[in-house]
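What follows is a set of notes on a single structure, which appears directly below.
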Amino acid sequence: MKSQISTFATKKGLAQMLKGGVIMDVVTAEHAIIAEEAGAVAVMALERVPADIRAHGGVARMSDPQMIIEIMESVSIPVMAKARIGHFVEAQILEALEVDYIDESEVLTPADMHHHIDKHAFKTPFVCGCRNLGEALRRIGEGAAMIRTKGEAGTGDVVEAVRHARAVWGAIRRLQNMPPEELMAYAKEIGAPYELVKETRELGRLPVVNFAAGGIATPADAALMMQLGVDGVFVGSGIFKSGDPAKRGEAIVKAVAHYNDPKILAEISRNLGEAMVGRNVSELPEAEQLARRGW
Amino acid sequence: MTKRLKTKIGLLALQGSFREHIAILKKIGAKTVEVRLPEQLEGIDGLIIPGGESTTIGKLAVDFGLLEKLRAFGREKAIWGTCAGAIFLSKDSFQAAHRQQPLLELMDITVERNAFGRQIASFETDVEFPALREISPDETPFHAIFIRAPLIASVAGDAEILSTLPDGRIVAAQQGRLLATVFHPELTGDDRVHRYFLSLVE
């Protein structure tokens, strides 16, 4: 067979190589190096971590390419960057920069209130957020090669990450108990492509790698998400908004590797300094809930 | 097959694609165990170091006291490294002096990380892998998936080349019971490299 560059297998495959790892939000090359040394499997290059996007208000957009390039030059691990939902030109720019993964992210202000990016049209793989199985399978149908449950970014409150992971895994468990004749109606009900519903039922899991995101702030939070069944975690504000980012980053990396070992978790959770301050999701006004973005 | 049922393969499970390896090993009748701590190396016959991020795997191996234990293991028993695992097995991975990542230095190979460029250059292709004839005589090329892949820049000493790209660049090597592939047999349905590794273990 002839060589083929950038197939769905290589796109999905990179996410498979990131499993059991922590992807950290970084805003400078200096942060990126701290993240790599702490054991991050990849970094997400962005101008402001979600907690600062919240504090700042205004329109949040793709980051300055200059800053993304500096981060790409500073580390050897994969570098991801965010495009606005539906903003396929931001995605084209990120592809031209040769970032390793594009996150079509609700953390930025959406550019299209009805349509996500046609991700099949790109050579660069995409990760997208979801709150439930239907949303995950719609994104995969559009070409996403990796899924992250959304959680509620920039809060340091893990409650939404748990809700979304349970929603996805719970739906998959129900799906596996369904007789075949019910699948079409179920696909219609959750607004997901029928073929992907069938595939998910056969696999007993999403057809692509599934990380958790949004509100993970401690090693225990990270291990909780892993025990709930996700393949790895994104940590945004939780590391560089804490008292000792290098130490906390390292501890979260260890917690994801040893998520099933409470003794090790107890050891690595000691003396990490201040966690990010955090905001209770239940106190956030609806308009400030980022997870609601995306359709 | 009865013998194989007793073969226990450890998967270095600090990070990466270890579950994919486990699925294939189970299919071909080997027992598997996840290894995250030094004591978990006891009683296993061979070890696979999966694909993943070599910097992460190396760091966690150091932090949890695995480095010397893995070196000792590899001097006696079979180890197979895929991609990040191949880097970890090597003597040298051309890192800048100030960013030296921990390596097991078990195989006399030098490995160049991200040799094909960034993710956008990741690819699949068929490679010749003559040693697989021992596993299935009607050897056909192996369909190999390369993801931000390294290359084996050179082999020395007792290390031998097992597979190359059509242009001669080295993508698999073996030294005694140590095996390195820079592509990912764990991502394909083809279990021949896994069976070849089991033949090195037994």
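Throughout, a chain's letter reflects where its sequence line sits, starting with A, and its residues are numbered from 1.
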Q. Is there side-chain contact between B/L37 and A/D261, with at least one heavy-atom pair below 4.5 Å?
A. yes
Q | Minimum-distance pair of heavy atoms, taken over all atoms of B/L14 and A/H258 | A | CD2-NE2, 4.3 Å
Q. About how many Å separate CG of B/N114 and CG of A/D100, when rounded to the nearest 0.5 Å?
A. 8.0 Å
Q. Hey, is CD on B/E105 packed in by over 12 heavy atoms from elsewhere, all under 6.0 Å?
A. yes
Q: Could you tell me whether the side chain of A/T10 reaches within less than 4.5 Å of the side chain of B/E124, counting heavy atoms only?
A: yes
Q: Side-chain contact test, heavy atoms from C-beta onward, threshold under 4.5 Å: evaluate it for B/K59 versus A/V253 and give yes or no.
A: no
Q: Verify side-chain contact (heavy atoms from CB on, under 4.5 Å) between A/I264 and B/R36, making sure each step is shown before the conclusion.
A: CA-CA 11 Å; A/I264 291 181; B/R36 292 182 177 82; over 6 Å; no
Q | Interatomic spacing from NZ in A/K11 to CD1 in B/I147 - rounded to 0.5 Å | A | 12.5 Å
Q: Check whether any side-chain heavy atom of A/V79 lies under 4.5 Å from a side-chain heavy atom of B/R118, and answer yes or no.
A: yes
Q | Between A/Q16, A/K123, A/E250, the one whose heavy-atom pairs under 4.5 Å with chain B are most numerous | A | A/Q16
**Q.** Backbone of A/L14 reached by a side-chain donor or acceptor of B/R148 within 3.5 Å
**A.** no
Q. Of the listed residues (B/L165, B/D63, B/I57), which shares the most heavy-atom pairs with chain A below a 4.5 Å separation?
A. B/D63
**Q.** Residue B/D158 excluded, over 12 heavy atoms near CG under 6.0 Å
**A.** no
(Q) Please rank A/G20, A/A38, A/P78 by heavy-atom pairs under 4.5 Å with chain B and give me the top one. (A) A/P78
Q: Look up atom CZ in B/R19 and atom NZ in A/K19, then write down how far apart they are to the nearest 0.5 Å.
A: 6.5 Å
(Q) For B/E39, I'd like to know if atom CD has over 12 heavy atoms of other residues, nucleotides or ligands within 6.0 Å. (A) yes
Q) Which heavy atom of B/L187 sits nearest a heavy atom of A/G13, and at what distance? A) CD1-CA, 4.0 Å
**Q.** Flag, side chain of B/Q15 to backbone of A/M17, donor-acceptor distance under 3.5 Å
**A.** yes
Q. Crowded around A/R166 CZ? As in, over 12 foreign heavy atoms under 6.0 Å?
A. no
Q) If you look at every heavy atom in B/L60 and A/K254, which pair is closest and at what distance? A) CD2-CG, 3.8 Å
Q. Between A/S76 and B/T55, what is the shortest heavy-atom contact and its length?
A. OG-CG2, 4.0 Å
Q | Nearest-0.5 Å distance, CG of residue A/N260 to CD of residue B/E34 | A | 9.0 Å
Q | Greater than 12 external heavy atoms within 6.0 Å of B/E42's CD | A | no
**Q.** Which portion of B/F18 sits near chain A, non-hydrogen atoms under 4.5 angstrom
**A.** neither
Q.
For the backbone of A/A40 and the side chain of B/T56, can you confirm whether one donor and one acceptor N or O come within less than 3.5 Å of each other?
A. yes
Q | A/F88 atom CZ, neighbour heavy-atom count above 12 within 6.0 Å | A | no
Q.
Does A/K247 have more than 12 heavy atoms from other residues, nucleotides or ligands lying within 6.0 Å of its NZ?
A. yes
Q: Would you give the length of the straight line joining atom CD of A/E98 to atom CD of B/Q119, rounded to the nearest 0.5 angstrom?
A: 11.0 Å
Q. Who among A/G232, A/A42, A/A257 has the most heavy-atom pairs with chain B under 4.5 Å?
A. A/A257
